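Below you'll find the structure, written out as structure tokens, and then a few comments.
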Amino acid sequence: MKPFFSLFSHADAARERTRSSSRDRKQIRRWLMPLGCALIGLGLTLSQLLMGGVAVAQKTDQGVQQQENQLIKQFTLPPAPPPAPVYRPQPAVEAAPEVPAPAQTSDRPAPEAVAPSQTSTTAQAQPKNKDNESKENATAQPSSEYVLELNRSPAIGNRFRLKGVHDEASVSFTRPRDWKIQSAKAYIRYQHSPALLASHSNLMVRVNDTSIGSKPLNLKQSQAGEFVVDIPPKLLQDTNNITFVAQQNNAPGCSNPADPNLWTEVLSDSKLVFKFQPQPIPLDFSRYPYPFFDELSLNANRISYLPPTRLNDAWLTAAARFETNLGRQADYRPLETRLIKNVDQLQWNDRLAVIGTPAEQPLLKSLTLPFTIAANQLLDGSKKAFPGDVGILMLTTAPKNGVPVLVATGNGPEGVAKAVQFLVQPQNGAIGTGQAIIVSALGEVSSPDPRQWSRYLPIEDSFKLSDLKTEKHQPFQDVTVRGASAAPIEFDFRALPDDRFERGSSMLLVYSYGPQVNPRTSAVDVSIDGVGIGGRRLAAADGGNRET
């Protein structure tokens, strides 16, 4: 009866949590609605009001509606707004052979494994089917080809060796958001030990834990071989892993896993080739910071700034805040920044940020914006100038090359500062949507605790690994490794500069393993900076479950 008692106890607890969650939501809604209205003053989205709705749908609180009505009366919207801007990415056109040849080894390391940068891109013409084209996509983009060289990942470098009877290793890559992948291929270059038995050895390739092909290891005298496998486009996600699995034997019976003759190398000039069609991107603040920064981009994110006619402290402060926020989001990813004199200097894959008042930025008069500009003043729908302390954010595209343009402006430096501050404060930017945002007020943001450093050890004396954040700003989760020479499970252990560790510190390791593990030759070891601090044999014949 104990399992049933436990089951009903969990069910009762789940119902109680549901009721508690419902109460919490009602309480949060009561105090968030006035805050939301204040933030609408700080972020009044144009698209929501133009559709006849209010900033937050289905509001029942009369006080909130009254505040919103007052805000709507304060600023009149334009009667006929321009159509929402759409960015249509253009591929970089370079000459390339129809069948890609193996790439040469590059000595330029990538800054990270997820998004290798500056790989070659080619474009090929694609016949258009005018009968099936919609008006929105009347101009179809040509199909493009992208070559992702695996040697740009630090995991491969110049040597990627698999050792032992069974070994596997993975390399991560991303799929940009505006890609509609038509086909993908993996060109794998490899060589292996001449001592391997071809009938008992093979190299398998998996993408996102799905096998896409294998090859027997039957080369002679350590010659280099190559095989091509197709990657089904349906397997590809935003973040992907390509895994190489080597099954290696040099004896018909049992092979010694520690034999140094059991090895296979994936050569550094292996690569992935994608054929894709760039998709149009409607510009909307609900997607911000995309497309001005894309964490899934395989190329370096490029942001260009147009300085005002005269540099001043207000513009330098606003631009520095905006650039610092982009740098924090980029983290380990490449980010290229430059200043331009005019829009003609914009290049492929550029993004433009225009910060300043209409008097400081004459370019604003030539852009298609939802608000009109007269006498260097931004006007609302009733032709009244916005107050100088009201900021306005707008999205549009450059007139000639269609580059996405982010406009942070106002009729005074205070308004420009508010517009930029809205974007850099996460709790404010999260409510942004539409083509334009009116920023009339900003919520106060408290300073973090001096000892709360991002991605450093918690200040508590005892904590779990789930309290730490990975390089993707996600909590550390359970990790599984396989193979005779499994890759280590690593995580950053960053202490604050004034932390001093005393004797008596300890770590409780919770781990599980399968029944196929050989107890005589298997163990788990823990080390800090390469120095071993403890270990335990995997001794249970039928496997272990949450051993400590």
Side-chain angles (χ1 to χ4, degrees), residues 108-117 152-157 160 169-174 238-239 241 289 293-297 300-301 320-337 424-427 429-430 445-481 485-512 523-536 546-548:
R108 293 173 296 173
E112 43 89 26
V114 176
S117 63
R152 297 190 178 277
S153 169
I156 288 186
F160 194 52
S170 300
V171 178
S172 299
F173 64 95
T174 58
D238 289 344
T239 302
N241 287 311
F293 177 82
D294 183 9
E295 68 276 7
L296 302 178
S297 176
N301 287 275
R321 287 178 178 174
F322 182 75
E323 176 69 13
T324 301
N325 180 254
L326 282 183
R328 288 177 175 175
Q329 298 184 59
D331 200 3
Y332 57 89
R333 304 174 183 90
L335 178 64
E336 298 179 1
T337 303
V424 302
Q425 294 182 181
Q427 70 275 18
V445 179
S446 58
S447 300
D449 187 88
R451 298 184 58 80
Q452 289 182 349
W453 290 24
S454 176
R455 293 171 59 183
Y456 275 71
L457 295 181
I459 59 177
E460 293 80 9
D461 291 338
S462 179
F463 57 90
K464 298 180 180 179
L465 287 187
S466 57
D467 297 331
L468 302 180
K469 297 294 183 66
T470 65
E471 60 183 12
K472 299 179 182 179
H473 302 284
Q474 300 297 324
F476 190 88
Q477 298 179 349
D478 295 349
V479 180
T480 302
V481 294
S485 300
I489 301 173
E490 298 179 338
F491 59 90
D492 292 330
F493 199 77
R494 300 176 178 174
L496 295 177
D498 59 346
D499 277 342
R500 295 297 180 267
F501 292 98
E502 300 178 352
R503 291 185 178 274
S505 300
S506 63
M507 174 183 179
L508 178 65
L509 177 65
V510 183
Y511 61 97
S512 303
V524 57
D525 296 316
V526 181
S527 62
I528 295 181
D529 295 336
V531 179
I533 61 173
R536 181 69 61 85
R546 295 191 62 81
E547 294 188 1
T548 59

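These figures come from a predicted structure and were not determined experimentally.
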Would you call I489 and F476 a side-chain contact if the rule is heavy atoms closer than 4.5 Å? yes

Out of curiosity, F491 CZ to K469 NZ, how far, rounded to the nearest 0.5 Å? 16.0 Å

To the nearest 0.5 Å, what is the distance between OG (S506) and CG (L509)? 12.0 Å

I need the minimum non-hydrogen distance between G530 and S527, along with the two atoms involved. C-CB, 4.1 Å

Return yes when atom CG of D498 has more than 12 non-hydrogen atoms of other residues, nucleotides or ligands closer than 6.0 Å, and no otherwise. yes

Would you mind reporting whether R451 and D499 have side-chain heavy atoms less than 4.5 Å apart? yes

Nearest heavy atoms of N241 and S172, plus distance in Å: OD1-OG, 2.6 Å

Give the intermediate values and the outcome of side-chain contact (heavy atoms from CB on, under 4.5 Å) for residues R494 and W453. CA-CA 10 Å; R494 300 176 178 174; W453 290 24; over 6 Å; no

What pair of heavy atoms forms the shortest contact from S512 to R546, and how long is it? OG-N, 2.7 Å

In short, F293 meets A330 closest at the heavy-atom pair CZ-CA, 3.3 Å

What verdict does the side-chain contact (heavy atoms from CB on, under 4.5 Å) test give for R455 and D331, after you've listed the backbone C-alpha separation in whole Å, the side-chain angles of each residue and the deciding distance to 0.1 Å? CA-CA 12 Å; R455 293 171 59 183; D331 200 3; 2.6 Å; yes

May I ask you to decide if G535's main-chain N or O and D525's side chain share a donor-acceptor pair within less than 3.5 Å? no

L468 versus L457: any side-chain heavy-atom pair under 4.5 Å? yes

Main-chain N/O of K464 paired to D467 side chain as donor or acceptor, under 3.5 Å: yes

Would you compute the distance between atom CZ of F493 and atom CG of L465 and round it to the nearest 0.5 angstrom? 9.0 Å

Is there a side-chain contact between T174 and R333, using heavy atoms and a 4.5 Å cut-off? no

With side-chain contact (heavy atoms from CB on, under 4.5 Å) as the test, would you mind laying out the steps for L296 and T239 before giving the verdict? CA-CA 8 Å; L296 302 178; T239 302; 4.2 Å; yes

How long is the span from the CD atom in Q477 to the OG atom in S466, to the nearest 0.5 Å? 9.5 Å

Straight-line distance of Y456 OH to L496 CG, nearest 0.5 Å: 7.5 Å

Could you grab the distance from atom CG of L326 to atom CG of N301, nearest 0.5 Å is fine? 8.5 Å

